[in-house]
Each structure stands twice: as C-alpha cells, then as structure tokens.
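Atoms within a ligand are numbered from 1 in the order they appear, just like the ligands themselves.
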Amino acid sequence: PVPSKSKTAMHGEVAFDVLMLCNDVTEFRRLERMRSEFVANVSHELKTPIAAIRGFAETLLDDEAPAEVQKQFLQTIYDESNRMNALVSDLLELSRLEAEEHRIQLLTVPLMDVVERALDRLTQVALARQIQLELEPFEPVNVWAEDDLLLQVFLNLMSNAIHYTPSGGKVTIRCEILVDRVKVHVIDTGIGIAPEHLDRLFERFYRVNRDRSRASGGTGLGLSIVKHIVTALGGEVGVESEVGKGSDFWFTLSRMSRLPEDKSLSMGGE
Ligand code: ADP
C-alpha cells in the first residue's frame with residue numbers, strides 16, 4: 001500500500017499545479033482587462049479632438065461666419081489636430097518601447113551631453129513662459145543608457161515641470177552622483193501634486209486635472225513613457241511633491257562601473 005505520506009505529497013503536487021494554472025488564468029485576465037482598458041482610453045482620447053474638429057469644420061462649411069470667427073475656428077481645428085498628432089506620436093513611442101525594450105543596447109553616455117541637449121531644446125519654451133531654467137553644476141559622469149531615450153526622459157520631465165509651473169517660477173536640474181548610480185532630479189516651484197495622486201501618476205492617461213493637461217497640450221502619456229524608458233535602462237523613478245510648493249521628479253541610472261580607466265570619474269562627489 002502507498003504510504004499516506006507520499007499520497008499527501010502527490011496531492012500537494014497536483015494542488016500546486018492547479019494553483020499555478022489559476023495564477024496563469026488570473027494573470028491572463030488581468031492583462032486582457034488592461035488591454036481593453038487601454039483601447040477604451042485611446043479611443044476616448046482620440047474622440048475628443050475628432051469631435052472638436054468635426055464640429056468646427058461643419059460650422060465653417062454651413063455658416064457665413066465673419067472672417068475673424070472663421071480664423072478662430074480654424075485655429076481650434078489646427079490645435080486639435082496637433083493634439084491628435086502628439087497623442088499618436090506618444091502611442092507609437094510606447095509601442096516601440098514595448099517591442100524593443102529587451103533589445104535596447106546600453107552604451108556609456110556622458111550625462112552632461114544629454115542634459116545640454118535637453119536644455120538647448122527647452123530654453124526657448126521656458127523663456128516664453130518666464131520660467132527660470134537652472135542646472136546645478138555636477139562632475140562629469142558616464143551613465144549606462146541609450147542617449148536618445150535618455151534625452152526623451154529629460155524632455156518629458158522638464159516640459160512637465162515648465163508647464164505645471166506658473167510664470168516667474170523656477171525649474172532646477174540636479175544630478176546627485178552616488179557610488180554606483182546617478183540620481184537625477186527635475187525640481188520645480190510649480191502647482192505641486194496632492195499625496196493621493198502620487199502613486200498613480202506614472203500610469204497611462206492618469207492626470208490630476210484633465211483640463212489643465214489638455215490646455216498645456218499634454219497627452220497623459222509623458223510620465224508612463226518616462227517610467228518605461230527608465231525601467232528599460234535599469235533605473236527607478238519617483239516623485240516627491242507638495243501642493244502649492246512644487247514637485248521633485250527623480251530617476252536613477254547606473255554609472256559606469258569603476259574600471260581602471262574610469263578612475264578619474266569615480267573620484268570625489270560620493
Ligand atoms: P500630461 O500629458 O497630462 O502632462 P503626464 O503623463 O506627463 O501627462 O503627467 C501626468 C499628470 O501628472 C499630469 O496630467 C499632471 O496632472 C501631473 N504632473 C506631471 N508633472 C507634473 C509637475 N511637474 N507638476 C505638477 N503636476 C504634474
């Protein structure tokens with residue numbers, strides 16, 4: 001007769017298999033739900049500008065509106081099509097990242113080069129909104145990254161900081177050089193974010209204030225792209241914020257390991 005002990009062990013194995021199967025089904029259902037929520041969100045986000053474009057175009061076709069009103073309507077059509085364009089670009093960027101994240105080739109990138117490219121791109125935007133852009137000096141350091149993806153992270157965080165800060169405010173880039181990582185902060189003196197939103201900010205299409213996001217040309221995808229890229233580069237993202245005071249969005253990157261030729265980079269600042 002089979003000893004009862006091994007019978008129990010056999011039952012245990014079957015139970016384990018059943019449990020694994022249940023987990024797979026649950027995971028499958030979760031992914032399926034996420035996918036259909038995503039499609040619903042995208043459809044909704046596209047419907048808003050399409051409805052506006054259709055509505056204004058119809059009015060222009062029907063009415064004998066005065067020239068200045070026509071111009072105003074055309075401007076709205078132009079703005080809404082730009083919004084759709086931004087949304088489609090961000091969606092393509094997300095799907096490209098998902099398809100390629102396992103194939104991203106990390107190279108050593110001088111952090112300062114990327115920061116300077118980002119500052120070049122956004123200086124005029126900040127100036128136009130009367131926001132002071134400041135870079136705190138830091139030692140030259142090489143990080144493991146892909147430079148265009150890293151630039152995208154800076155651009156998304158810095159343009160958010162500029163857009164969610166009233167004019168007269170300030171946006172600061174701070175690079176903290178740690179032993180094996182660099183922690184980059186994009187700090188603003190803007191509107192800030194209430195604690196209950198902080199956990200969900202990096203989700204696709206999550207916004208604290210939809211109208212404000214739309215008014216600034218936001219797609220609701222900027223931070224989820226940031227999180228995707230930083231994770232693919234092996235780092236972490238986070239945020240600290242206080243309503244009315246401002247926000248500190250940060251991310252980490254791995255520094256080059258301390259190979260002998262990298263000695264100059266690993267001295268000091270740690
Ligand atoms: P959006 O295109 O709406 O800016 P993001 O994914 O970039 O989308 O950001 C998500 C939301 O996080 C924004 O709608 C805004 O509510 C909030 N947010 C992002 N950055 C900041 C910031 N620097 N200050 C205040 N709120 C911010």
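For the residue pair E37 and N41, no side-chain donor N or O sits within less than 3.5 Å of a side-chain acceptor on the partner.
Among all protein heavy atoms, the one lying closest to atom 3 (O) of ligand 1 is S213 OG, 2.5 Å. In terms of protein heavy-atom proximity, atom 23 (N) of ligand 1 is nearest to D188 OD2, 2.9 Å. The nearest heavy-atom contact from the protein to atom 19 (C) of ligand 1 is N160 ND2, 3.6 Å. Shortest contact from atom 17 (C) of ligand 1 to any protein heavy atom: L201 CD2, 3.9 Å.
Within ligand 1, the atoms closer than 4.0 Å to a non-hydrogen atom of G222 are 5 (P), 6 (O), 7 (O), numbered from 1 in the order shown. For ligand 1, the atoms closer than 4.0 angstrom to any heavy atom of L221 are 6 (O), 8 (O). Set against the non-hydrogen atoms of T219, the atoms of ligand 1 under 4.0 Å away are 2 (O).
Taking only nitrogen or oxygen atoms, main chain and side chain alike, I191 does not reach within less than 3.5 Å of ligand 1. Here's the thing with L223: one of its N/O atoms is less than 3.5 angstrom from an N/O atom of ligand 1.
Taking 4.0 Å as the cut-off between side-chain N and carboxylate O, R207 and E45 count as a salt-bridged pair. Looking at E80 and R83, a side-chain N of the basic residue comes within less than 4.0 Å of a carboxylate O on the acidic one, giving a salt bridge.
Heavy-atom contacts from other residues, nucleotides or ligands closer than 6.0 Å to CZ of R210 number more than 12. The local environment of OH in Y78 is sparse, with at most 12 non-hydrogen atoms from other residues, nucleotides or ligands closer than 6.0 Å. Residue-environment remark: CD (E236) stays at or below the threshold of 12 foreign heavy atoms within 6.0 Å.
With a 4.0 Å heavy-atom cut-off, ligand 1 is reached by no atom of N156. With a heavy-atom cut-off of 4.0 Å, F202 does not touch ligand 1 at all. Contact annotation for V208 and ligand 1: heavy atoms of both the backbone and the side chain come within less than 4.0 Å of the ligand.
Aromatic ring orientation, Y206 versus H197: tilted (interplanar angle from 30° to 60°).
In this comparison of G246, G220, A161, S224, the heavy atom closest to atom 1 (P) of ligand 1 sits on G220. Comparing F205, Y164, Y206 against atom 24 (N) of ligand 1, the shortest heavy-atom distance belongs to Y164.
Residues G222 and N156 share a closest heavy-atom pair of O-ND2, 3.1 Å. Nearest heavy-atom pair across E146 and V109 is N-CG2, 4.5 Å.
Each of I225, T219, L94 was checked for a side chain to side chain contact (heavy atoms under 4.5 Å, CB included) with R204, and the lone residue meeting it is L94.
A heavy-atom separation below 4.0 Å is found between S247 and ligand 1.
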